[in-house]
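Below is one structure, written out as C-alpha cells, with a few remarks after it.
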2 protein chains.
Amino acid sequence: MASIKDVAAEAGVSVATVSRVLNDHPSVSEDARTRVLAAVEALGYRPNAVARSLRTDQTRTLGLVISDVMNPYFTELARSVEEAARALGYSVIIGNADERPDLQDHHVRTLLDRRIDGLLVSPTDGASPLMLDAARGGTPMVFVDRWIPGVDVPVVRADGQAAVRDLVAHLYGLGHRRLAIIAGPAATTTGSERVEAFRAALAEYGLPLPDAHIGQGDFQAESGRRVTEGFLDLPEPPEAVFAADNLMALGALDAIRARGLRVPDDIALAAFDDIPWFVHTDPPITAIAQPTGELGRAAVRALVDRIEGRPPQSVTLPARLVVRRSCGESAPPEQPAASEPSPATNRSQS
Amino acid sequence: MASIKDVAAEAGVSVATVSRVLNDHPSVSEDARTRVLAAVEALGYRPNAVARSLRTDQTRTLGLVISDVMNPYFTELARSVEEAARALGYSVIIGNADERPDLQDHHVRTLLDRRIDGLLVSPTDGASPLMLDAARGGTPMVFVDRWIPGVDVPVVRADGQAAVRDLVAHLYGLGHRRLAIIAGPAATTTGSERVEAFRAALAEYGLPLPDAHIGQGDFQAESGRRVTEGFLDLPEPPEAVFAADNLMALGALDAIRARGLRVPDDIALAAFDDIPWFVHTDPPITAIAQPTGELGRAAVRALVDRIEGRPPQSVTLPARLVVRRSCGESAPPEQPAASEPSPATNRSQS
DNA sequence: CACGTCGATGTAATCGATTCCACGGCGTGG
DNA sequence: CCACGCCGTGGAATCGATTACATCGACGTG
C-alpha cells in the first residue's frame, strides 16, 4: 500500500508538503497542491490512520460498551450513537458485554489499548477496578442508560419514574390490584431504579408489593420465563406482571402461554423498553418507551464535549407510557390517552 | 499514560528487554523478567496497540460491514462473528450500511484506513469501485450472507433452495394456490436468489408466478407494507405471501391487519429468516431459518484462514423450514413434519 | 589456553504519519 | 540599497512499539 513517501516521490516534493496538503495547511503553493493531489489520485493513496493516530495521539474513535447487542433497545441505542458520532467525524467500536462483567472488562481493556478518544458505557454490573481506573485515569467517559453510583462521570439516561406511575395508574384503572415485577439485576441502576419506581407508585395507590411479587431476573428472556413460572405457582398469582425490560417480557409471555393462560384475560403484562416488535405480539404489549435515539445523540454530544475540552452535561430524558392491549381493554377512554407515539421532544438537563 | 520507556526505566533495563518480556521471547533472564513484570504492574502499563500495529503491520482486527444492524438476523450474525473472532484473538469493528451503498463505502473506506487485517462484507448493493479495489487490492476479504458475483472472494452463506421448496409444499398442502412474494432488491444476491428459488418451486407444482405477484421490496418493513397493500388491492389477491426477509414480513403483517384481515384465515404469511420474535407474533410466523451462528463462525474461520496464509474455503450451509401457524393449521401431519427446530449440523463445503 | 558458541542485553533502525525549525528567495519599507 | 519579514519548502525529530544487529561475558572443548 502506497505511503506518504511514495506520494512525495511521485509529486516531486517532500513528505512534509504532502502532509500539509492533506491537512490543508495554508502555506502550500497552488502548484505543489495540484501536483500532490494528482499523485494521491494516481497512487490511490489513503493516509494510514494507525500512523496518524500514533503521532497525533488521537484516533477519532469512540468506544461503546453495551450490555447486550441482541436486546433491541441496545441495538437501537448503538445505531443512534454511531450515527451521531459519524456526523461529528468519529467512528464507533462496539463492545458487547452480554451482561457478563468479565466480558465487559475485556472490551473496556481492548478499547483502552486501542487508545480510543472516549468511552461510552452502559455498565453491566457494579464497578470493576478496571472501570474505576478508566474513569479516573483520564479517558473521557460517559455513562449511558445505566451508571455506577459514586463515580464522577456524566450520565445520559431516561427517567422512567413518571411513566411507571402512569403504568400503575393504568393497571389500577383496569381493576388490577395484585401487581408483580420481574426485576433486573440489583447491581445495575436500571435494575434497582425500576423496582423502586414501581414500589413507590404502588404505595401511592395503597397497594402492597410483597417480596413474593418481586422476581429476580437478569434482563434475559429465560429469566423472565423462570420468574413468571414462580409467580404462576403462587397460591394467589399476581393479576399483572411488569417486566423490567423487553426480553424478560418475552420470557414472561412464553411462560404464560405454556400454562395455557391468556394475556390480558388471565393475566396482564407490561414491559420497560418499547420496541417495534411489541406492536406485533399477541396481544400487542403495553410498554414504557425510552427516547432511545435522543439518548444516543445526547450521549455522543456529552462525550465529544469532554473530549474536546468543553464541559460535558449529564442529561435525563423522560420515558413515556405507550398503552396497548396487554393489560386489558381500556374502557372507552375518558380522556385522550397517549395511545399514539407522539415523539417525545421534551428534554430536561441537569 | 505510561510507555514502554517508562517501564524500561523503572525496571532498569532497555526497551528491547521490556518488549521481549511482553512478547515472551525466550532469551530473557528470569531476573530481568520479574523486574519488568513488577514495573509493568507498578505503572499499570498497557502496550499501545496503535504503535504496535504500526510496527508489525497488523491490527488483529476484523471489519464487518452489514446491511442493517436493526435487522435481528444481522444482529445475531454480528454477535456470532464477534464471538468467533474473539476466540481467535481478534477484535471486530462493525459498520452498519443501513442498506445504503454510500454508507457501505464509507465504512469500507474507514476500515481500510484503519488497516484492519481482514474484511467481512454482506454487500448492500452491486459492486462499488471501492469494493472491487479492496477485493483485488490485497485486503483479505470474505463475503457473508450476500455476495457480489464475479468477484474472486470466498463466500459463506446459507442455501435456502430446499427450504423454499419445503415451504411451497407446505403452502400447497394447505390448499393455497395463488402465491406471491415480496422480493428484496434485485441487486443483492439474496434478493434475487430467493425469488428464483420461489419461482422454481412453484414451477414444480405447476403454479404460475405472475408479475403482479412479485412485489419489489428493499428488505425494510415499510416496503413490506407497501407491497402487501398492492397485493391486497389486486382484483384477485394472493392467498399466501412470502416475504424475503423478516422485516418485510412485519410490514406485511401491518398491512394485513390494517385492512382488518386475519392471518392465516384470510391470507397466509411466511418469511425468510427466522428470529426469536416470530414465536410471539399473532399468529406465530412460519419462517425459513438460517444457521446464523454457524455462518458467523464459518465466515471468521475462512477470513482468518486467508489472513494467516491458509487457503480459505467457501461454505454453504442449508437453511430449513420452521412451520408455525401463519400459513394455516396443518391438518394432522401425514408425515413427521419438521416442526421442531432440530439443530442443523449438516454442512456442505465447496 | 585460546577460540568458538550461546545466551542475555543494549543500540539503533524502522513503521507512516505530523510538525518544529531552518533556510532561501522575494517583496517592501525605511 | 539594505534589512526585515513572510512564504513555501525540506530536513529531521517524534510518537511507541518491534527487531536486526552488535556486544559482552561465560562456558565448553580441542
Side-chain angles (χ1 to χ4, degrees), chain A residues 1-37 39-40 43-61 89 109-110 112-117 138-139, chain B residues 1-37 39-40 43-61 89 109-117 137-139:
Chain A
M1 191 149 276
S3 85
I4 195 171
K5 271 192 210 145
D6 304 317
V7 176
E10 172 86 9
V13 297
S14 74
V15 293
T17 301
V18 175
S19 176
R20 279 188 275 256
V21 171
L22 263 31
N23 298 284
D24 40 40
H25 184 95
S27 81
V28 181
S29 69
E30 202 47 48
D31 176 56
R33 180 183 312 282
T34 57
R35 291 223 309 289
V36 167
L37 260 19
V40 165
L43 297 171
Y45 169 76
R46 299 243 79 212
N48 183 328
V50 175
R52 190 197 294 251
S53 293
L54 177 60
R55 185 61 235 253
T56 60
D57 201 35
Q58 55 158 328
T59 50
R60 293 207 74 83
T61 301
R109 196 178 338 261
T110 309
L112 256 28
D113 285 355
R114 280 166 187 275
R115 302 301 193 263
I116 45 149
D117 293 341
T139 311
Chain B
M1 190 149 278
S3 85
I4 195 172
K5 270 190 210 147
D6 304 316
V7 176
E10 173 86 10
V13 298
S14 74
V15 293
T17 302
V18 175
S19 176
R20 278 189 275 256
V21 170
L22 264 32
N23 298 283
D24 40 39
H25 183 96
S27 78
V28 181
S29 69
E30 203 46 49
D31 176 58
R33 183 184 312 281
T34 55
R35 291 223 311 287
V36 167
L37 259 20
V40 164
L43 297 170
Y45 169 76
R46 297 245 78 213
N48 183 328
V50 175
R52 189 197 294 251
S53 293
L54 176 61
R55 183 60 233 254
T56 61
D57 202 35
Q58 53 157 331
T59 50
R60 293 206 74 82
T61 301
R109 197 179 334 263
T110 310
L111 290 167
L112 256 27
D113 285 354
R114 278 164 189 276
R115 300 303 192 263
I116 45 148
D117 293 341
T139 311

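We name chains A, B, ... by the order of the sequence lines, and we start the count at 1 in each one.
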Spacing between [X] atom [atom1] and [N] atom [atom2], to the nearest angstrom:
| X | N | atom1 | atom2 | result |
| --- | --- | --- | --- | --- |
| A/R60 | C/dT18 | CZ | C1' | 16 Å |
| B/R35 | C/dA8 | CZ | C1' | 12 Å |
| A/D24 | D/dG8 | CG | P | 14 Å |
| A/H25 | C/dT19 | NE2 | P | 10 Å |

As an exercise, state the distance from OG of B/S53 to CG of B/D117, rounded to the nearest 0.5 Å.
7.5 Å

Within the 4.0 Å limit for protein heavy atoms, which parts of nucleotides 10-17 of chain C are touched? Write it as a string from 5' to 3', B for base, S for sugar-phosphate only, - for none.
BB-BBBBB

Can you give each donor-acceptor pair under 3.5 Å made by side-chain atoms of residues 14-22 of chain A, sequence neighbours left out, with the distance rounded to 0.1 Å?
residue	atom	partner	partner atom	Å
A/S14	OG	A/A16	N	3.3
A/S14	OG	A/T17	N	3.4
A/S19	OG	A/N23	ND2	3.4

Show your working on side-chain contact (heavy atoms from CB on, under 4.5 Å) between B/T61 and B/R114 and close with a plain yes or no.
CA-CA 9 Å; B/T61 301; B/R114 278 164 189 276; over 6 Å; no

Give the minimum heavy-atom separation between A/L54 and B/V50, together with the two atoms involved.
N-CG1, 3.6 Å

Under 4.0 Å between any heavy atoms, over every strand shown, what does A/S27 touch: base, sugar-phosphate, or nothing? Just pick one.
base

Examine distances only and state if a side-chain atom of A/R60 and a backbone atom of A/G89 form a donor-acceptor pair shorter than 3.5 Å.
yes

Which donor-acceptor pairs under 3.5 Å do the side chains of residues 24-33 of chain B make with protein atoms, sequence neighbours left out?
residue	atom	partner	partner atom	Å
B/S29	OG	B/A32	N	3.1
B/D31	OD2	B/R35	NH1	2.6

